Structures are given as C-alpha cells and as structure tokens.
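Everything on this sheet refers to the single structure shown next.
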2 protein chains.
Amino acid sequence: MPPEASIPSHLGFAILGLLARRQRTGYDIAKAMERPVGYFWTARHSQIYPELARLEDAGLVRHRVVDGAGPRPTKRYAVTAAGKRALRSWVASELEPQPVRDLETLKLWSVWLVAPEIAKSFVRQSLSAHKARLAAYEEELAGVDADTDSRDPGHPLFASRLTLEGGVRSRRAAVEWCEWMLDELDWAGDHHRSDRHRQGHGARRGT
Amino acid sequence: MPPEASIPSHLGFAILGLLARRQRTGYDIAKAMERPVGYFWTARHSQIYPELARLEDAGLVRHRVVDGAGPRPTKRYAVTAAGKRALRSWVASELEPQPVRDLETLKLWSVWLVAPEIAKSFVRQSLSAHKARLAAYEEELAGVDADTDSRDPGHPLFASRLTLEGGVRSRRAAVEWCEWMLDELDWAGDHHRSDRHRQGHGARRGT
DNA sequence: TCTTCCATGTAACGCGTTACATGATTTT
DNA sequence: AAAATCATGTAACGCGTTACATGGAAGA
C-alpha cells in the first residue's frame, strides 16, 4: 500500500475538488485556479506541480501520460478512490476558523488620515471592482442556474450554484456598502467644512 | 538621514495604522491584532517585533524605553512624521487586487460529494460562526456610533465606523445566504429522494 | 515573423505559523 | 500554589510568489 502519510494542504483539497469533477492536466488545474476556482482560491503552476506530486505520493491522485504539446510528457491526473474519500471526510470535518487578511478594509481603516475627496476616490475604486465581480458572478450563475443538474445535491453544479449565490450576495452587499460610504463622505465632508469654516451651505443628505 | 529604503509590507502598514491612532508597545500591537484589527488583519508577536525593528530602521517609527513588567526593556513605539506620510500615501495609492483564499467556500464547493444531511450540518456551522461575528460587530459599532467623533472624517473613529458597517453588512448577507442554503438543501434533499424512490411526500418549499 | 497557447518543471526569497526561551507581577 | 498577564525576542519550517528554463504548434 502507498504511504498515505500526511493529510493534504488546503491547496491539495482544492486540487482534489477539481479532479473530483473531472480529470485534468496540471496546466488545466492552473487555468481553473485563475477562473472560476480563483474566485475563492488561487495558486500558480509553480505550486501546483509539486503538490500534484505529493498527492500522488500519498495515493490520492494518479496520472497517465497522454499526447500533448509541451516539451516534457503531458500528464493527465485523476482522483483515486482514496482521494475521493479524503476529500469527502475533509468536507464533513469541522470548519476551522481562518486568519483574515483583507487589504481593502485595512486601507480603509486608515482613511481618516486623508482628505474626504481622496477617501471618496478610494471608495469609488472599490465600488467599481465589486461591481465588476458581481457582474461576472451573475453571468456565471445564470449559466449554472439554467442547467437542471444544478438542482441535484449530488451533482457538482449544485455546489457551484451555492458558491456563486454566495458570491453574488456578498458582492451586492459590498456594492451597497460602498454607496453608503460615498453618501457618508459627502455628508461628513460638508458637515466638517461648515463646522470649521462656517460656510453653512447645508447638509446634502436626503436630497 | 535614515535609510528609508523599501516601502513597508502590508503588516507594516497595519502597524503604522495602529500607531497613528496612539502610541503602543509591541505587546499592545499584538493584542490589537487579535481584536479589533484581527477582524480584517492578523499577525502574531513573532512577526510584529521584527517588523517594528524594520520600520524603525526605515525611520517610520521610533521608540522610548518605559517602565514595564517584562524581562527585557519595555519599548513604547510612536509613528514619526515620515511614517505618517508613508501611511497617507499608501492609503491614497491604487488598491491592488489581492489573492483570495476562502476556506469556507472552498469546502462548500465540494459539498456535492456528501449527503445533504452532512451538507446541512456544515452550513449550520457557518451560520452560527457568521451570527457570532455579526453580534460582535454590531456591539462594537453601537459603541463607536454613540461617539460624536465618529462623524468627523478626520477622526480615527470615522474610519472605524466605516469598517464596522462593512462588517455588519457582509455578515448579514452571509447569514441570509446560509439560511437560503439550508432551504435549498431541504428542498433539494426531498426532491432528490422523491425522484429516486418515488415517495412523493411533496416539496416543502414555501411552507 | 512574432506572439500566444500548450505543458512541465526548479530556485530564491518573503511572509506567516508554531514552538522555544525568559522572568516579574498580579490574579485565582 | 498555580495560572494568567505583561513583555520581548529567536529558530525552524511551510506556504506562496516571482523569476528562470525549455520547446513545439497554431494563429496573427
């Protein structure tokens, strides 16, 4: 029997999840890690190839050499029965809380140091990024939603639908938040100026 | 003049943001990195002490030895004028897109491999985690909101209010998403069973 | 002819975590 | 008497990024 020593890393489970849907080359996996998996997990090919080797060492995936265009042999990977078992038990296991690292919020947290106009341009940047993502999610969700397989809880598209719905909801919330912030900055900017310079041209809120 | 060579890392800006609000020891910074800064950025003391040394090398912070309870001299750090300038210009700079790494969604994406009951218990786990976070944000926001300084765009509490409002909105969206998923799993589980076993006890959706 | 796509690998370096190390004061 | 808090540091290791390396086939 194979070593099967350590449980895979998070990246390992991301790869197993891709291969459980269908077999792929390392190159295919790297492409999926840009989109659509890249929406919630990212990795470069330089990380993927060594991880595939580790997964194979552990007996969780296997490969077959196929025809391909690269200078080295092209390997098509598939998940093994042990790999599927490992993935299933990981999904069923307790969800460990993950350390947060949110650059957008980190910057925003120091936004009191800059002029309201600069703050607004920062928020506008965020807003358009969130809007773009929202549009991408909505488009992809429409495609998944149209497929009746997405109603079957045992079909991959069911899980895709759940994740995309979450993406749409969170981005919608983010868009609304940004619009709320722009409103706050308008009002606060006016308020602040009229407070300090007594220009008294009134609050704009509610107009 | 000091070296001031490389621009700080993200962690460096997180520390500068803390020190721009008030002076602190490394230990204080580590505590803040658990809560409330930990809501959007985390770091351990083993990362913080070397980073403080680098920031001081670059002339962005300085320290004074004060009375303290540790075995080594206790150092209280403050941001320098150059540090405040660096932080301001970072806030005003373009927001670079960050690689996403969302373990919750990654797991959910493979949830089609497990029975609907297991899937539901996973979603229930997420739901209670999101609810707990939402409650923490709401409580902290209430405190910040009550302070009139939080209306002044030049005051740190203004930025705190913006970030907390974002937290509340995103967690509310997450809670609603989880409840929607539970509904989907109820319906889909029934649908699937009645599809396969012709038990025909009807869909529960809408009741 | 130049660029992009297919395809797989390695090396160097930076960031982050866990664990090791020390020791006084305060609280349980 | 034991545990938590204050307080600062180092070492080893794993994960992730950028850059280096190679080369055929298809399209612009």
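All values reported here derive from a predicted model rather than from experimental measurement. Lettering of chains follows the sequences in order, A, B, ..., and the numbering in each one begins at 1.
In the helix from C:dT1-D:dA28 to C:dT28-D:dA1, the rotation axis of the first five pairs and that of the last five pairs differ in direction by 40°, rounded to 10 degrees.
Distance OH (B:Tyr77) to C1' (D:dA7): 12 Å, rounded to an integer number of Å. Atom-to-atom, CZ of B:Arg72 to P of C:dT25 comes out at 16 Å; the value is rounded to the nearest Å. Atoms CD (B:Gln98) and P (C:dC15) sit 16 Å apart, rounded to a whole Å. For the pair B:Leu52 CG and D:dG9 P, the interatomic distance rounds to 9 Å; values are reported in whole Å. Between B:Ile7 atom CD1 and C:dC15 atom P the separation is 11 Å, expressed in whole Å. For A:Asp67 and C:dC5, the CG to C1' distance is 17 Å, given to the nearest whole Å.
Geometrically, A:Arg161 does not engage B:Trp112 in a cation-pi contact defined by less than 6.0 Å to the ring centre and at most 45° from the axis.
Residues A:His10 and B:Thr74 each lie close to DNA chain D; by heavy-atom proximity, the contact nearer the 5' end of the strand is made by B:Thr74.
With hydrogens and angles disregarded, a donor-acceptor distance shorter than 3.5 Å links the side chain of B:Thr80 to the backbone of B:Leu60. Checked by atom type and distance alone, the side chain of B:Lys107 pairs as donor or acceptor with a backbone atom of A:Ser93 at under 3.5 Å. Here the side chain of A:Gln23 pairs no donor or acceptor atom with the backbone of A:Arg76 at under 3.5 angstrom.
Taking a cutoff of 4.0 Å between a charged side-chain nitrogen and a carboxylate oxygen, A:Asp183 and A:Lys120 do not qualify as a salt bridge. Between A:Arg169 and A:Glu165 there is a salt bridge, with a side-chain nitrogen of the basic residue lying less than 4.0 Å from a carboxylate oxygen of the acidic one. Checked for salt-bridge contact, B:Glu34 and B:Lys31 miss the test: no charged N lies under 4.0 Å from a carboxylate O.
Residue A:Arg101 is classed as a sugar-phosphate contact, given heavy-atom separations below 4.0 Å to backbone atoms only.
Not counting sequence neighbours, A:Arg88 has no partner by the salt bridge (charged side-chain N to carboxylate O under 4.0 Å, His left out) test.
Under the 3.5 Å distance criterion, with hydrogens and angles disregarded, a donor-acceptor pair is assigned to the side chains of B:Arg133 and B:Tyr137.
Within residues 17-49 of chain A, the residues that place at least one heavy atom under 4.0 Å from DNA chain D are, in residue-number order, A:Arg44, A:Ser46, A:Gln47.
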